Amino acid sequence: MSATTPAIPATPLTARERAVLAGLADILIPAGTGMPSASEAGVAGEWLDAVLLARPDLVDPLRAILAAADGVTPADAVERLRDGGGFGVLAEIVPNAYYMNPAIRHRIGYPLQQPVPIEPDADSDPEAQALIASVRERGTIYRPTPP
């Protein structure tokens, strides 16, 4: 699957660690119903780097998981993580890396968060009015600038 590579530095994981992660990730997100598996979507490559750039605190726990999973079948390794802890780290990284891929987001029709303008005078939408109520209640909080 082709995707635009983000302009971020590579995470210092070895090729072996990335291969182990790809196997684990495919247990969590296998291919199916027209969607690629996690490894096919670049979860162990560029999108992993993007997740770990945002969450560098997960690098060391991920390395520990990958070291324990090396030489074990991916299914057994994931089962051990569920029983012994560490599954949360994997469950945090893999789906986030998967959905960072723009091709995946396109396939599921997720355009990212979009701004939704609220018309301050439109009283017809009670939800919108509830969102801006606190702003209206606090009043004007700016300083005029000289002309």
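What you see is a predicted model; the values in this text were computed from it and never measured.
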Applying side-chain contact (heavy atoms from CB on, under 4.5 Å), run through Leu48 and Leu21 and close with a yes or a no.
CA-CA 10 Å; Leu48 168 66; Leu21 177 60; 3.6 Å; yes
For Val43 and Ile93: C-alpha separation, side-chain torsions, deciding distance, then whether side-chain contact (heavy atoms from CB on, under 4.5 Å) applies.
CA-CA 9 Å; Val43 164; Ile93 292 170; 5.7 Å; no
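- For the side-chain hydrogen bond (donor to acceptor under 3.5 Å, both in side chains) test, residues two or more places apart in sequence or in another chain that qualify with Glu92 are Arg55.
- From Arg82, atom CZ reaches atom CG of Leu90 across 9.5 Å, with rounding to the nearest 0.5 Å.
- Atoms CH2 and CG, on Trp47 and Asn96 in that order, are 13.0 Å from each other to the nearest 0.5 Å.
- Residues meeting the salt bridge (Lys or Arg N to Asp or Glu O under 4.0 Å) test with Asp70, sequence neighbours left out: Arg16.
- Under the 3.5 Å distance criterion, the side-chain polar atoms of Arg18 are matched with a main-chain donor or acceptor of Ala44.
- Of the inter-residue distances, the one linking Leu13 atom CG with Leu66 atom CG reads 6.5 Å to the nearest 0.5 angstrom.
- You'll find the side chain of Ile108 reaches within 4.5 Å of the side chain of Met35, heavy atoms only.
- To the nearest 0.5 Å, atom CD of residue Gln114 and atom CG of residue Leu112 are 7.0 Å apart.
- The two residues Ser39 and Asp26 make their nearest non-hydrogen contact at OG-OD2, 2.6 Å.
- Residues Val20 and Ala69 approach most closely at CG1-CB, 3.8 Å, considering heavy atoms.
- Annotation for Ala31 and Glu40: closest pair CB-OE1, 3.9 Å, computed over non-hydrogen atoms.
- Nearest heavy-atom pair, Pro36 versus Arg107, reported as atom, atom and distance to 0.1 Å: CD-NH1, 3.2 Å.
- Contact detail for Ile27 and Pro74: the closest heavy-atom pair is CG1-CB, 3.7 Å.
- In Gln113, the CD atom is not crowded: 12 or fewer heavy atoms of neighbouring residues, nucleotides or ligands sit closer than 6.0 Å.
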Test side-chain contact (heavy atoms from CB on, under 4.5 Å) on Val94 and Leu24 and set out the steps.
CA-CA 9 Å; Val94 171; Leu24 299 177; over 6 Å; no
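- Criterion: ILVMFWY side-chain heavy atoms under 4.5 Å apart, direct or through other members. Under it, Val59 and Ile65 are part of a common hydrophobic cluster.
- Of all heavy-atom pairs spanning Val89 and Leu62, the tightest one is CG1-N, 4.2 Å.
- Within the 4.5 Å cutoff, no side-chain heavy atoms of Arg80 are placed close to those of Phe87.
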